[in-house]
Amino acid sequence: MNRTKLACSIATALLIVASLPALAQGADLQKVLSQIDAASQRFQSAQADFTWDQFTAVVQSHEITTGTIAFRRAGGGTEMMADVKTDNGQPAPKDILYKNGELAYYQPTIKQQTIFSAGANRQQYEGFLTLGFGGSGKDLAANWNVNFQGMESIDGTQTAKLDLTPKQTGGNQMFTHITIWIDPTRAISLKQVFFQESGDTRTAVYSNIQMNQVPASAFVLKVPRDVQTSRK
C-alpha cells in the first residue's frame with residue numbers, strides 16, 4: 001500500500017472511531033424517545049409535590065415556592081392545576097389553573113383572580129405544560145433539538161437527562177434551552193431547569209408523584225362570588 005492510500009485508510013478509520021460516540025448517543029436517544037412514546041399512550045393524569053427555585057442573576061437571589069401540582073389529558077389537550085402553599089417559607093396561598101386555552105391566577109388573600117388567554121400561543125403553552133408530563137417523544141423531537149446527556153438517578157429513579165433547544169430561532173423565545181430529567185417509563189419529569197439569556201434560571205423539582213389517580217374535579221377553581229376578576 002502506498003503512502004497516499006495508507007493515509008486515506010488511517011483518516012477513514014479515525015473518522016469512523018470519532019463518529020462512534022455520536023452514533024451511540026443517537027441510538028440511546030431513540031430508545032429513550034420510544035420509551036416516552038409508549039408511556040405517553042398510558043398517561044391519563046399525574047399529581048406531585050413541587051419546589052420551584054427562581055434564580056435572578058443580577059441580584060443573585062433565589063425565590064423558593066412550594067406546593068402541589070396536577071396534570072391531566074382531556075379533550076385532546078392538557079389541563080394543569082397548581083396549588084401554591086409557600087413563598088420563601090412563608091404562607092402564600094395561590095391557585096393557578098390552565099384549562100381550555102386560559103390561565104386563571106387566583107389569589108384568595110386579596111380576593112383577586114386574573115385570567116390570561118393563551119390565544120394564538122395555545123400550542124406553545126401546552127407544549128411547556130407537557131414537557132415531561134405525558135408528552136410524547138415524537139413531540140419532543142418535533143419541537144426541540146434534543147441532546148441526550150446520559151442516565152442519572154434522582155431519588156432512586158433512573159432518569160434520562162435531555163437538554164432541549166428550540167427549533168424555532170429568533171422571535172420572542174422565553175428560554176435559551178431547557179434541561180429535563182425524565183423517567184422514560186412514565187413520561188414524567190422529576191426535575192426541570194429553564195435557562196434564560198439574562199442568566200436567570202427556574203428550577204422545578206417534583207416528588208411524591210402519583211399516576212392516573214387525579215379526578216376531573218381537581219381541575220376546577222373554587223372562587224367565591226365576591227372575588228374581583230379581570231381578563232388580559
Side-chain angles (χ1 to χ4, degrees), residues 36 39 43-73 78-99 103-110 114 116 125-135 140 144 149-164 174-215 218-219 221-222:
I36 295 172
F43 181 91
Q44 298 174 18
S45 65
Q47 62 184 17
D49 297 333
F50 70 77
T51 300
W52 295 336
D53 180 354
Q54 180 66 49
F55 172 69
T56 304
V58 68
V59 292
Q60 294 289 294
S61 68
H62 292 265
E63 182 178 346
I64 309 297
T65 303
T66 66
T68 60
I69 196 165
F71 299 83
R72 84 170 183 129
R73 187 172 289 154
T78 299
E79 298 177 355
M80 182 275 294
M81 180 70 164
D83 181 13
V84 175
K85 304 291 188 184
T86 69
D87 282 336
N88 292 327
Q90 299 300 314
K94 304 177 190 72
D95 290 321
I96 305 167
L97 173 67
Y98 178 82
K99 188 175 183 178
L103 183 74
Y105 179 59
Y106 171 45
Q107 298 168 276
T109 54
I110 60 174
T114 307
F116 302 87
Y125 275 41
E126 295 201 6
F128 283 117
L129 289 180
T130 60
L131 199 58
F133 283 92
L140 273 180
W144 305 88
Q149 297 186 340
M151 302 297 293
E152 290 189 12
S153 177
I154 295 182
D155 293 333
T157 298
Q158 280 295 106
T159 66
K161 183 180 179 181
L162 305 178
D163 191 68
L164 314 174
M174 288 188 290
F175 307 105
T176 56
H177 68 112
I178 302 169
T179 304
I180 64 174
W181 286 256
I182 186 169
D183 176 0
T185 66
R186 294 184 293 173
I188 292 290
S189 285
L190 275 70
K191 182 179 177 181
Q192 303 165 331
V193 183
F194 299 80
F195 298 86
Q196 294 181 273
E197 191 172 354
S198 62
D200 295 354
T201 61
R202 181 183 179 89
T203 301
V205 177
Y206 301 97
S207 59
N208 299 322
I209 298 168
Q210 298 180 36
M211 299 289 297
N212 300 333
Q213 299 179 27
V214 190
F219 299 88
L221 276 182
K222 298 176 177 63

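Reckoned from all heavy atoms, side chains included, excluding hydrogens, waters and symmetry mates. Predicted model, so just to flag it, every value in this text is computed and none were measured.
When the shell of 6.0 Å around CD of E197 is examined, it contains 12 or fewer heavy atoms from other residues, nucleotides or ligands. Surrounding CG of N88 are more than 12 heavy atoms belonging to other residues, nucleotides or ligands, all under 6.0 Å away.
At least one donor-acceptor pair closer than 3.5 Å links the side chain of T176 to the backbone N or O of F195. Judged by distance alone, with hydrogens and angles left aside, the side-chain atoms of N212 form a donor-acceptor pair with the main-chain N or O of Q44 at under 3.5 Å. Side chain of R72 to backbone of V214: no donor-acceptor contact under 3.5 angstrom is found. When atom types are taken as modelled, the side chain of T159 and the backbone of E152 share a donor-acceptor pair closer than 3.5 angstrom. Using modelled atom types, no side-chain atom of D53 and backbone atom of I64 make a donor-acceptor pair closer than 3.5 Å. Q192 places a side-chain N or O within donor-acceptor distance of the main-chain N or O of L131, the cut-off being under 3.5 Å.
When all heavy atoms of M81 and A218 are compared, the pair lying nearest together is CG-O, 3.5 Å. Closest of all the heavy-atom pairs between A82 and F50 is CB-CE2, 4.5 Å. The nearest pair of heavy atoms linking V84 to W52 is CG2-CZ3, 4.4 Å. Contact record, Y206 with S189: CD1-O, 3.6 Å, taken as the closest heavy-atom pair. When all heavy atoms of A187 and A39 are compared, the closest pair comes out as N-CB, 3.6 Å. Counting all heavy atoms, side chain and backbone alike, A57 lies closest to S198 at CB-O, 3.9 Å.
Taken from CG in L162 to CD1 in I182, the straight-line distance is 6.5 Å, to the nearest 0.5 Å. Annotation: the span from D95 atom CG to L221 atom CG amounts to 5.5 Å, rounded to 0.5 Å. In this structure, F219 CZ and M80 CE are separated by 9.5 Å, a value rounded to the nearest 0.5 Å. To the nearest 0.5 Å, the span separating CD1 on I96 from OH on Y106 amounts to 13.5 Å. Interatomic distance, R186 CZ to I36 CD1, rounded to the nearest 0.5 Å: 12.5 Å. To the nearest 0.5 Å, atoms CD (Q54) and OG1 (T65) are separated by 8.5 Å.
Taking the six-membered ring where tryptophan is involved, the planes of F194 and F175 are tilted, since the angle between them lies from 30° to 60°. Between F55 and H62, the ring planes are tilted. Angles from 30° to 60° get that label.
Salt bridge status for K161 with D163: absent, with no side-chain N to carboxylate O gap under 4.0 Å.
Put simply, the side chain of W181 does not reach to within 4.5 Å of the side chain of T157, judged on heavy atoms. By the 4.5 Å heavy-atom criterion applied to side chains, W144 and I178 are counted as neighbours.
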Verdict with reasoning, L190 to I209, per side-chain contact (heavy atoms from CB on, under 4.5 Å): CA-CA 9 Å; L190 275 70; I209 298 168; 4.2 Å; yes
